[in-house]
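Here's the structure, in structure tokens; my notes come after.
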Amino acid sequence: MNSKIIKQRDYKVVNYVLQAVKLEFTLNDTNTIVINTMKFNNIIGDICLDGIGTKLISIYLNKIKLTPKEYKKNKTQIIIPSPPKNCTIKIKTSINPSLNSRLEGLYISDKIFVTQCEAQGFRRITFFPDRPDVLSIYTVKITGNKKLFPVMLSNGNLISKKIVKNDLEVIWNDPFPKPSYLFALVAGKLSKNNRKFLTKSNKQVDLNIWIRREDKNKIKFAMDSLEKAMKWDEKKYNLEYDLNIFNIAAINNFNMGAMENKSLNIFNSKYLISDKKTSTDNEYDFIETIVAHEYFHNWTGNRITCRDWFQLSLKEGLTVYRDQEFSSDMGSRAVKRIRDVRLLRTVQFAEDAGPLAHSVRPKSYAEINNFYTSTVYNKGAELIRMLENILSEKGFLRGFKYYIKKYDGIAATCENFISSMEKANNVDLKQFYLWYSQAGTPEVTVKPFFNKKAETLEIEIKQSIPNTPKQKYKKPMLIPLKLSLLGSDGKFLNLNENKSQKELLLIIKRKSQKFLFKNITSDPAISINRGFTSPVKINLKQNEKKLNLLMMYDDNPFKRWDALNKYFLSLCLKQSKKIQKDIKISKFFIEIIKNVLANSHKDPAFAAELLSIPSENEIAEHAKVYNPENIYNARISILNNISSALNHQFVLILNKCAVKNSSSRGWRSLHNICLEYLTSQKDKNSEKLAYKAYNSSNNMTIKLFSLSCINNIQGKYKNNLISEFYQKYKDQPTMIEKWLQIQASAKIKNNLNAVKKLIRLPVFDYKNANKVRVVLTTFAKNNSINFHNASGNGYKFIADQIIHLDTINPSSASGLASAFSSWKNLDKSRRKIIRENLIRIREKKDLSTNTFEIIDNIIKS
Ligand code: BES
Ligand code: ZN
């Protein structure tokens with residue numbers, strides 16, 4: 001493997017201006033012709049164009065055909081030596097979309113021709129400066145059989161549309177300069193759903209969602225979400241949409257969730273279509289979020305794009321922050337924050353602690369597709385949130401507006417964003433940059449010293465950042481931490497002598513710092529990192545009395561949840577070390593849970609979060625020794641313990657939820673969490689209870705959850721329900737995905753055999769990234785007792801799958817390969833088997849750069 005490593009410090013600007021591009025497509029399954037005419041100005045030196053896997057037919061320089069001697073060509077590039085300062089280069093290529101199973105470049109999804117160009121797919125269509133800092137104006141002509149392609153879309157405005165014999169011929173023009181990764185083309189049979197939107201300055205925009213005809217009635221929720229997102233961006237950030245047309249097309253075969261191509265967003269159908277009868281609340285949430293996310297990219301991503309791919313978090317971190325804020329405003333802010341932090345702690349903290357750790361702005365990569373990670377996205381979003389906390393909402397908004405104004409139309413860097421914040425607020429954020437360059441989750445140790453006599457509380461705060469691959473010596477970071485002190489009467493102490501102030505923002509800058517609080521008459525409970533102001537781990541030991549106070553009275557909903565979550569976690573960790581006997585759960589904690597249940601009617605959605613016990617992956621992230629079975633059993637036994645102690649209460653609430661479940665999603669969440677407790681015994685009664693919930697509910701949120709409970713029990717209902725579900729929904733791909741996922745995640749012995757059967761079913765398809773994800777990735781990342789089975793069969797199976805998948809879709813394969821990154825704390829024998837399998841994968845001939853980079857990094861760790 002001789003993959004080239006791309007380094008951040010090697011960035012060089014290009015030596016020309018690409019004034020305009022004309023692309024002409026003649027569509028054909030196996031032989032699509034692309035004529036690409038590029039108008040260059042101010043060239044100094046050679047022109048270097050990227051291109052992979054296309055058939056070069058001809059190159060013209062200013063209308064004169066070049067002979068092969070007049071340019072240099074290798075597997076990935078063409079170089080045209082010293083062309084005239086201003087010139088036109090016209091390149092004709094042929095591509096075969098029917099053979100494109102990578103789902104990058106131009107490919108076919110259920111007879112629909114579609115492109116995916118981020119990050120480097122455009123070079124699979126034609127030879128081009130395929131880098132985000134080359135912006136140009138695109139005109140696109142598409143020609144193809146009018147029956148096969150009644151709809152032909154590209155970016156910008158439709159300029160002309162005509163029929164020439166059997167062909168349809170359309171021309172699109174995008175007036176905004178853009179990099180190649182934002183180019184898009186969609187052609188095929190699609191139904192249109194239209195709605196008019198009036199912007200705040202009274203411009204009318206045509207919103208169109210293009211979808212397969214059978215899904216035509218399933219886009220109302222997505223359309224509503226789009227409208228809400230557009231209004232929100234106008235109101236919150238004063239950002240208005242900039243064209244008269246906004247298209248979204250839905251496709252069944254798509255590597256990611258969705259893509260923000262200028263005025264032509266392309267979506268994985270799974271994340272766009274919804275239906276009252278078959279969609280779950282979580283699915284609705286994600287549709288709202290992702291529609292907004294891609295729309296928000298129009299400003300943070302498209303109008304201001306990235307200079308190079310190292311700046312990816314500039315658009316992704318910022319846009320995730322924006323979609324999080326949007327969703328918080330649309331629903332429950334508390335629940336949204338808890339779920340976002342939970343995801344960060346489970347996935348990103350694990351990434352930061354493992355062999356694939358990298359900083360939010362990585363220093364080098366072999367394959368950029370491997371860096372669309374939780375670190376770049378979710379930790380990146382936390383960095384933006386930290387800035388908001390440091391600068392206040394107002395100051396942040398000032399900086400944001402400054403950034404938009406100054407960098408509109410520019411391919412920018414993370415520095416450009418931070419410096420906008422600095423300039424608009426007249427502050428120095430130099431130390432803050434470390435968050436972009438240092439990997440690893442900072443650990444913050446908090447030590448309080450209460451002095452009764454002096455009536456003072458001194459808090460000592462120390463920070464340290466763990467070593468990560470290739471990064472050892474780290475500097476102290478700028479860590480904002482919101483803090484409150486809670487008195488033994490459950491009231492917050494005043495922290496300011498001059499005015500009433502119950503919350504302070506501490507800014508930690510040094511390795512060790514002390515803070516002194518005066519007039520503290522009794523030893524208070526400490527509520528720190530309120531709202532999760534910084535993405536760090538807090539070490540702070542407090543006695544049960546104080547924990548009790550925080551669990552009962554902390555008025556920061558995230559922090560109250562966090563107090564319970566920490567305790568749950570400590571219980572699970574303790575139990576996982578002591579498998580024979582059940583550990584005793586403190587009375588006070590049972591009382592807390594009882595109290596949460598008793599008050600659950602006030603905010604059932606929040607109560608459901610408070611009750612939800614850490615996932616196996618979350619526990620694993622904290623365990624020093626990773627024994628998957630012990631963790632699984634520990635979790636079950638804690639659930640069991642609590643539900644036995646409070647059986648009466650859980651049953652009561654479950655029944656109440658069953659009555660109220662159609663009134664709001666909160667009741668459905670609470671229903672499911674109660675059901676999880678009450679079925680943890682996994683006996684006949686558990687099965688009956690879940691079966692009853694399945695049959696008596698009228699919504700997919702409860703149906704699917706109860707089905708998964710039944711499926712986790714080796715009982716009598718399972719097989720019938722699974723085949724019934726299949727019969728009912730076999731024509732709906734998104735339902736079949738749910739059906740597959742439930743089976744792949746079943747936490748029962750020897751589930752590997754079931755998974756092996758699933759991949760042989762006709763509904764499974766290696767070429768469909770969704771199917772791969774719901775079966776294989778689910779098994780490897782969400783079924784630890786089976787994937788990590790001591791026999792090593794789970795490892796061998798997934799390794800075989802990676803090897804096979806790598807030849808079909810490298811991006812799917814490398815996504816699956818990252819499942820092996822959790823091997824560090826496993827026992828010797830498991831590690832040995834994993835190692836053998838990793839080496840076997842690495843030795844495969846022609847392994848993709850994607851998979852190689854992931855596997856090689858894991859082996860070397
Ligand atoms: N730009 C990405 C999509 C993308 C990522 C394309 C990597 C090609 C390679 C898009 O804006 C995105 O981030 N989508 C997310 C969903 C979002 C809600 C975080 C996705 O697809 O998962
Ligand atoms: Zn994005």
Side-chain angles (χ1 to χ4, degrees), residues 1-6 50-54 75-77 95-109 114-125 130 181 251-257 259 266 268 309 312 351 355-356 358 362 364-374 376 759 764-781 797-821 837-860:
M1 198 72 212
N2 51 355
S3 51
K4 220 179 109 202
I5 302 291
I6 316 288
D50 307 294
I52 296 177
T54 65
K75 269 194 170 158
T76 60
Q77 274 183 338
I95 45 184
N96 185 344
S98 74
L99 283 186
N100 183 349
S101 59
R102 301 176 67 100
L103 315 186
E104 289 167 31
L106 179 68
Y107 64 94
I108 303 173
S109 167
V114 58
T115 56
Q116 172 54 41
C117 295
E118 188 177 3
Q120 299 178 333
F122 196 78
R123 64 188 63 187
R124 295 177 183 275
I125 295 173
D130 191 13
Y181 84 88
I251 273 353
N252 284 348
N253 282 14
F254 199 75
N255 274 343
M256 301 289 293
M259 175 66 206
I266 296 177
N268 189 329
W309 290 119
L312 184 58
E351 188 168 83
L356 303 177
H358 55 274
S364 67
Y365 60 78
E367 170 54 63
I368 184 57
N369 276 313
N370 288 337
F371 286 83
Y372 286 75
T373 59
S374 187
V376 168
I759 59 169
F764 184 80
D765 178 5
Y766 284 105
K767 292 199 173 119
N768 180 284
N770 292 358
K771 299 274 161 54
V772 168
R773 214 170 294 135
V774 293
V775 178
L776 299 174
T777 311
T778 296
F779 178 78
K781 295 190 179 175
F797 169 71
I798 289 298
D800 290 344
Q801 296 302 311
I802 292 168
I803 289 171
H804 178 61
L805 203 52
D806 191 65
T807 56
I808 297 168
N809 186 332
S811 131
S812 278
S814 70
L816 188 56
S818 67
F820 284 112
S821 62
N837 279 292
L838 291 175
I839 288 173
R840 185 161 66 89
I841 301 170
R842 194 172 61 176
E843 276 166 0
K844 190 208 148 213
K845 211 177 139 239
D846 296 328
L847 191 70
S848 68
T849 313
N850 308 52
T851 306
F852 179 85
E853 183 176 34
I854 298 287
I855 297 289
D856 192 53
N857 279 333
I858 300 175
I859 293 175
K860 283 180 181 156

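Note that the structure is predicted; figures quoted are calculated from it, not measured. In this chain, residues are counted from 1 in sequence order. The figures that follow rest on heavy atoms only: side chains count, while hydrogens, waters and symmetry mates do not.
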Side-chain donor/acceptor of Thr807 to backbone N/O of His804, under 3.5 Å: yes
Minimum heavy-atom distance between Arg840 and Ala799, given as atom pair plus value: NH2-CB, 3.3 Å
Partner of Ser98 under side chain to side chain contact (heavy atoms under 4.5 Å, CB included), chosen from Ile95, Asn100, Asn96: Asn96
From CZ (Arg124) to CG (Leu106), nearest 0.5 Å: 12.5 Å
Minimum side-chain heavy-atom gap Asn857-Glu853 below 4.5 Å: yes
Sidechain-backbone polar pair: Asp130 side chain, Arg123 backbone, donor-acceptor under 3.5 Å: yes
side-chain contact (heavy atoms from CB on, under 4.5 Å) involving Ser811 - partner list, sequence neighbours excluded: Glu104, Asn255, Asn809, Asn850
Test log, rule side-chain contact (heavy atoms from CB on, under 4.5 Å), inputs Ile798 and Phe779: CA-CA 9 Å; Ile798 289 298; Phe779 178 78; 3.9 Å; yes
Any side-chain heavy-atom pair of Pro355 and Lys860 under 4.5 Å: no
Audit row: Ile854, Glu367, side-chain contact (heavy atoms from CB on, under 4.5 Å) steps and yes/no: CA-CA 9 Å; Ile854 298 287; Glu367 170 54 63; over 6 Å; no
CZ on Phe797 to CG on Leu776, rounded to 0.5 Å: 5.5 Å
Min side-chain heavy-atom separation Ile759-Gln801 under 4.5 Å: yes
Sub-4.5 Å side-chain heavy-atom contact between Leu103 and Phe254: no
Rounded distance [0.5 Å steps], OG1 in Thr76 versus NZ in Lys4: 7.5 Å
Side-chain heavy-atom pair Leu356, Ser818 within 4.5 angstrom cut-off: yes
From CG (Asp856) to CD1 (Ile839), nearest 0.5 Å: 10.5 Å
Test side-chain contact (heavy atoms from CB on, under 4.5 Å) applied to Arg842 and Phe852, step by step: CA-CA 6 Å; Arg842 194 172 61 176; Phe852 179 85; 3.7 Å; yes
Intermediate values then yes/no, side-chain contact (heavy atoms from CB on, under 4.5 Å), Leu312 and Tyr365: CA-CA 12 Å; Leu312 184 58; Tyr365 60 78; over 6 Å; no
Spacing of OG belonging to Ser101 relative to CG belonging to Leu805, to within rounding of 0.5 Å: 9.0 Å
Residue pair Ile251 / Ile266: nearest heavy atoms and the distance that separates them: CG1-CG2, 4.2 Å
Which residues share a side-chain contact (heavy atoms from CB on, under 4.5 Å) with Ala119, sequence neighbours left out: Trp309, Ile368, Tyr372
Main-chain N/O of Ser848 paired with Thr851 side-chain donor or acceptor, under 3.5 Å: no
From Lys767 atom NZ to Ile108 atom CD1, the distance as rounded to the nearest 0.5 Å: 11.0 Å
Shortest non-hydrogen contact between Ser821 and Ile858, atoms and distance: N-CD1, 3.7 Å
Glu118 backbone acceptor or donor facing Gln116 side chain under 3.5 Å: yes
Minimum-distance pair of heavy atoms, taken over all atoms of Phe371 and Ser364: CZ-O, 3.9 Å
Inter- and intrachain pairs under salt bridge (Lys or Arg N to Asp or Glu O under 4.0 Å), touching residues 806-818, at least two apart: Asp806-Lys844
Ile802 to Phe820 - nearest heavy-atom pair and separation: CD1-CE1, 3.7 Å
Short side-chain to backbone donor-acceptor contact, Asn253 and Asn768, under 3.5 Å: no
Where Ser374 and Glu351 come nearest, the two heavy atoms and their spacing: N-OE1, 3.6 Å
